[in-house]
Amino acid sequence: DKAEASFIKAKTHDPDNYKSWLGLGLLELYRDNKKEAELNLDRAIKINPKSDKAYCALGIVKSNAGNLRDAEAKYCQALDINIENLTAIQLLIDLSYKTERYDPVYKYLKGYLDIYPTNLNMLFALAGILFKMGKIDASLQTLDDVLSLDPKHQYALEFKNRVRSVSVN
């Protein structure tokens with residue numbers, strides 16, 4: 001509640017204080033108060049339209065409300081602003097498995113890996129997305145990339161065997 005008081009005080013002194021609106025939005029998100037969270041986050045975005053954090057948080061609000069297409073759009077907006085927002089990437093990965101819409105997350109994973117080509121977690125995630133997209137050879141190649149960086153990566157070894165068994169059938 002001290003945080004809330006600080007955010008309210010700051011926005012009272014400066015109604016265009018982006019961090020106050022973002023903080024209040026995150027606080028209401030934590031409290032599962034969707035309507036207030038959305039209002040505060042929308043205000044933060046109005047003040048700072050380049051806030052990947054606010055778009056990402058708004059995506060969580062939308063996802064929690066069951067609006068998965070809107071959530072996807074907000075995560076994508078966050079990633080258009082900042083491809084390095086790992087929270088938005090992870091949430092978009094999770095969402096893609098629920099919606100079975102893999103093209104958006106594929107685009108952002110590739111963009112992230114253009115910058116950080118040795119990130120094992122994102123490479124492994126890409127292998128899974130490629131597999132779900134039916135791109136078996138690309139999935140196997142990506143798993144080989146993971147294993148070249150970490151030959152004992154247990155999940156990659158197990159998943160590679162699974163992908164191979166599917167490609168044989």
Side-chain angles (χ1 to χ4, degrees), residues 3-4 7-8 10-11 14-139 141-143 145-146 155 159 163:
E4 181 178 27
F7 293 136
I8 290 171
K11 80 170 185 163
D14 179 5
D16 290 330
N17 185 320
Y18 152 77
K19 288 183 179 180
S20 297
W21 292 102
L22 177 63
L24 286 168
L26 293 172
L27 188 62
E28 295 300 340
L29 175 60
Y30 175 76
R31 292 176 173 164
D32 201 29
N33 188 344
K34 294 172 188 70
K35 184 176 177 150
E36 284 301 312
E38 188 169 355
L39 289 171
N40 288 310
L41 293 167
D42 280 339
R43 177 68 180 181
I45 290 168
K46 185 175 181 184
I47 295 166
N48 180 3
K50 294 290 186 190
S51 173
D52 61 302
K53 293 175 182 73
Y55 279 110
C56 184
L58 200 49
I60 296 169
V61 172
K62 299 292 186 182
S63 181
N64 289 349
N67 300 327
L68 302 185
R69 285 289 181 125
D70 289 345
E72 178 186 278
K74 297 304 176 192
Y75 298 144
C76 290
Q77 285 176 289
L79 292 165
D80 285 338
I81 294 166
N82 179 10
I83 192 69
E84 297 177 61
N85 185 325
L86 290 176
T87 301
I89 291 176
Q90 187 58 56
L91 291 167
L92 188 58
I93 291 167
D94 295 345
L95 186 65
S96 73
Y97 283 104
K98 291 177 187 170
T99 63
E100 297 183 351
R101 290 177 35 85
Y102 304 106
D103 288 338
V105 74
Y106 172 78
K107 169 188 161 185
Y108 294 109
L109 279 169
K110 292 292 283 181
Y112 182 86
L113 287 165
D114 284 346
I115 301 167
Y116 303 102
T118 60
N119 184 303
L120 288 174
N121 291 330
M122 292 302 133
L123 280 168
F124 187 71
L126 178 62
I129 295 299
L130 288 166
F131 176 75
K132 293 301 267 182
M133 294 173 82
K135 298 180 179 188
I136 304 303
D137 290 340
S139 179
Q141 179 57 55
T142 305
L143 289 167
D145 294 344
V146 171
Y155 295 119
F159 189 53
V163 173

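All figures in this text were calculated on a predicted structure; none of them were measured in a lab.
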Can you list the steps and then say if Asp42 with Trp21 is a side-chain contact (heavy atoms from CB on, under 4.5 Å)?
-> CA-CA 9 Å; Asp42 280 339; Trp21 292 102; over 6 Å; no
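- How far OH of Tyr75 is from CG of Leu58: 9.5 Å, rounded to the nearest 0.5 Å.
- A donor-acceptor contact shorter than 3.5 Å links the side chain of Asn40 to the backbone of Glu36.
- Atom-to-atom distance recorded for Ser63:OG and Ile60:CD1 is 8.0 Å, nearest 0.5 angstrom.
- Taking each heavy atom of Leu29 and Asn64 in turn, the nearest pair found is CD1-ND2, 3.9 Å.
- For the pair Gly111 and Ile83, the tightest heavy-atom approach, listed with the atom from each and the gap, is C-CG1, 3.9 Å.
- Remark: Leu86 CG to Cys56 SG distance equals 10.5 Å, nearest 0.5 Å.
- Atom NZ of Lys62 and atom CD of Glu72 lie 14.0 Å apart (nearest 0.5 Å).
- Rounding to the nearest 0.5 Å gives a distance of 11.5 Å between NZ of Lys135 and CD1 of Ile129.
- Comment: Lys46 does not engage Asp16 in a salt bridge, judged by the lack of any side-chain N to carboxylate O separation of less than 4.0 angstrom.
- In the displayed structure, Tyr97 atom OH is contacted under 6.0 Å by more than 12 heavy atoms of other residues, nucleotides or ligands.
- What you find for Val61 and Lys34 is that their closest heavy atoms are CG1-O, 3.9 Å.
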Candidate pair Thr87 and Gln90, rule side-chain contact (heavy atoms from CB on, under 4.5 Å), full reasoning | CA-CA 5 Å; Thr87 301; Gln90 187 58 56; 6.0 Å; no
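- Note that the OH atom of Tyr55 and the CG atom of Leu79 stand 12.5 Å from one another [nearest 0.5 Å].
- Under the 3.5 Å distance criterion, with hydrogens and angles disregarded, no donor-acceptor pair is assigned to the side chains of Gln141 and Asp137.
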Ser51 and Ile81: side-chain contact (heavy atoms from CB on, under 4.5 Å), yes or no, with the steps?
-> CA-CA 7 Å; Ser51 173; Ile81 294 166; over 6 Å; no
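- Classification of Glu28 and Lys35 as a salt-bridged pair fails, no side-chain N sitting under 4.0 Å from a carboxylate O.
- Of all the heavy atoms in Ala88 and Asn85, the pair that sits closest is N-OD1, 2.9 Å.
- Aromatic pair Phe159/Phe131: centroids less than 6.0 angstrom apart.
- Between Phe124 and Tyr155, the ring planes lie tilted relative to each other; the angle falls in the 30° to 60° range.
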Tyr116 vs Met122, side-chain contact (heavy atoms from CB on, under 4.5 Å): CA-CA, chis, key distance, verdict = CA-CA 9 Å; Tyr116 303 102; Met122 292 302 133; over 6 Å; no
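- When all heavy atoms are compared, the tightest approach of Leu123 to Val146 is CB-CG2, 3.5 Å.
- Taking both residues in full, the closest heavy atoms of Leu130 and Thr142 are given as CD1-OG1, 3.3 Å, listed atom of the first, atom of the second, then distance.
- With contacts defined as side-chain heavy-atom distances shorter than 4.5 Å, the pair Glu100/Tyr102 qualifies.
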